[in-house]
Amino acid sequence: MTAAVAEPFGPLEPFVHPALFYRDEQEYLDVTVPFVRDGLEAGEPVAVAVPGKNLALIRDALGDAAGAVRLLDMREAGRNPGRIIPGVLRAFADTQPAGRRVRIIGEPIWAGRSDTEYPACVQHEALINAAFRGRTATILCPYDVQGLPDHVLADAYATHPTVIPSGSRAEQASDAYAPGAVVDRYNEPLAPVPDALTFAFDSDSLSQARHVAVGEAARLGLAGVKLDDLALATAELTTNSVVHGGGSGVLRVWTEDGYVVCEVRDRGRLADVLAGRKPVPRDQRGGRGLLLVNLIADLVRVHRGDDGTTVRCWFAT
């Protein structure tokens, strides 16, 4: 584990980030639809990024007004939780006029998310508070009380400064709000996989590392665009290891549960908790490697440790 990361989580105003707890479709619509309509009436840009079934509910309830809303299926746009802040939330908010409040409904955690995905999901919810600190925005995050485990609902209280309890439409402060502690708690070590192909690399073997990864991924059934994506991710991560991670690293590739997994470990220390989860200014040189990996992979998990950093990526076969 690394030291606590409380520093990026200062005062949020004017940013607003409530969690909505709902038990059924009616409770869901009773809050989400007025939230959207109030935003449209106030002239605020509105986006809705929720799983497909709930997206259809909101779209149908809005009727003609749905045409004024940016609608995204979170099962696709947010398949990798690390992609949501840069590729969904900030991608929408950053294109709006400076100072204009934006409204977004974002539902990144739904029944069916795997245990492997969940740590990245809950860290995402915590990191929204750092990514939007001081921004003029409201992001409402629904949670299905009937479909989600108790620990997920408890974590929602820790990652959201305010909550809307089931059956209510009023926000109240969350006494459990502690996003920095959540990021640290889910900074879980990623245990090595014994039978994974393993290749140690340095600056002289970067090209060979990429070829090794691509060859093994192809043997394991990855093909087409996904294989190209893995090649790009491997190149970015191994280069980062050489430039920023002590000059060398270890690459591993294996298959699990319908995915080819690529992992890079090195001795670098990743201090920025938003690394790879925030847009990079156009005039900035470098700093896009982990962001690019988040944008193309189906899942990315990162472990920041005192002795180094591990980045693990999943690509569906």
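Values in this document were obtained by computation on a predicted structure and should not be read as measured data.
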Do [X] and [Y] land in one hydrophobic cluster if side-chain heavy atoms of ILVMFWY residues count as linked below 4.5 Å?
X	Y	result
Leu232	Leu295	no
Leu299	Leu292	no
Ile104	Ile128	yes
Val212	Val311	yes
Leu20	Val36	yes

Taking atom types as modelled, is there a side-chain donor on [X] or [Y] under 3.5 Å from an acceptor on the other?
X	Y	result
Thr138	Arg101	yes
Tyr186	Asp155	yes
Ser241	Asp266	yes
His303	Glu188	no
Asp30	Gln26	yes
Asn54	Glu107	yes

Between [X] and [Y], is there a donor-acceptor pair closer than 3.5 Å when you use the side chain of the first and the backbone of the second?
X	Y	answer
Thr255	Val260	no
Thr239	Glu236	no
Arg301	Pro189	no
Asn187	Arg304	yes

Report the C-alpha separation of Glu125 and His17 in whole Å, then their side-chain angles, then the decisive distance to 0.1 Å, and conclude whether the side chain to side chain contact (heavy atoms under 4.5 Å, CB included) test is met. CA-CA 10 Å; Glu125 282 282 59; His17 184 210; 3.8 Å; yes
Less than 4.5 Å apart, side chain to side chain, heavy atoms only: is that true for [X] and [Y]?
X	Y	answer
Val242	Asp202	no
Leu62	Val33	yes
Leu55	Leu71	yes
Thr317	Leu220	no
Ile109	Tyr118	yes
Cys121	Pro81	yes
Pro18	His160	no
Trp314	Thr116	yes

Test Phe21 against Leu153 for side chain to side chain contact (heavy atoms under 4.5 Å, CB included), laying out the working first. CA-CA 8 Å; Phe21 296 96; Leu153 303 177; 4.0 Å; yes
[X]/[Y] ion pair, N-O < 4.0 Å:
X	Y	answer
Glu27	Arg23	no
Asp307	Arg267	no
Asp298	Lys226	yes
Asp94	Arg135	yes
Glu117	Arg79	yes

Heavy-atom pair of closest approach, residues [X] and [Y]:
X	Y	result
Phe15	Phe132	CB-O, 3.4 Å
Leu222	Ala316	CD1-O, 3.4 Å
Pro161	Asn129	CD-OD1, 3.7 Å
Leu237	Cys313	CD1-SG, 3.7 Å
Thr159	Val122	CG2-O, 3.9 Å
Ile296	Ala233	CD1-N, 4.1 Å

Let's go through Val214 and Leu227 carefully: what are the C-alpha distance in whole Å and the side-chain angles of both, what is the deciding distance for side chain to side chain contact (heavy atoms under 4.5 Å, CB included) to 0.1 Å, and is it a yes or a no? CA-CA 7 Å; Val214 170; Leu227 186 59; 4.0 Å; yes
Please round to the nearest 0.5 Å and tell me the distance separating atom [atom1] of [X] and atom [atom2] of [Y].
X	Y	atom1	atom2	answer
Tyr177	Thr162	OH	OG1	9.5 Å
Leu251	Glu216	CG	CD	9.5 Å
Trp110	Leu148	CH2	CG	11.0 Å
Ile85	Arg90	CD1	CZ	8.5 Å
Leu206	Thr238	CG	OG1	5.0 Å
Arg269	Asp272	CZ	CG	13.5 Å

According to the ring pair (Phe, Tyr, Trp, His ring centres under 6.0 Å) rule, which pairs have a member within residues 190-235, sequence neighbours left out? none
Glu256 CD: over 12 foreign heavy atoms closer than 6.0 Å: yes
Taking the six-membered ring of Phe35 as reference, does the cationic atom of Arg103 (NZ for Lys, CZ for Arg) lie under 6.0 Å from its centre and within 45° of its axis? yes
With Arg252 as the cation and Trp254 as the aromatic partner, state whether NZ or CZ is under 6.0 Å from the six-membered ring centre and within 45° of the axis. no
Using the ring pair (Phe, Tyr, Trp, His ring centres under 6.0 Å) rule, take Tyr157 and Tyr143 through it: C-alpha gap first, then chi angles, then the decisive distance, then the call. CA-CA 11 Å; Tyr157 278 86; Tyr143 282 79; 9.1 Å; no
Apply side chain to side chain contact (heavy atoms under 4.5 Å, CB included) to residues Asn294 and Arg277 and explain how you reach the verdict. CA-CA 7 Å; Asn294 265 326; Arg277 294 179 183 252; 4.2 Å; yes
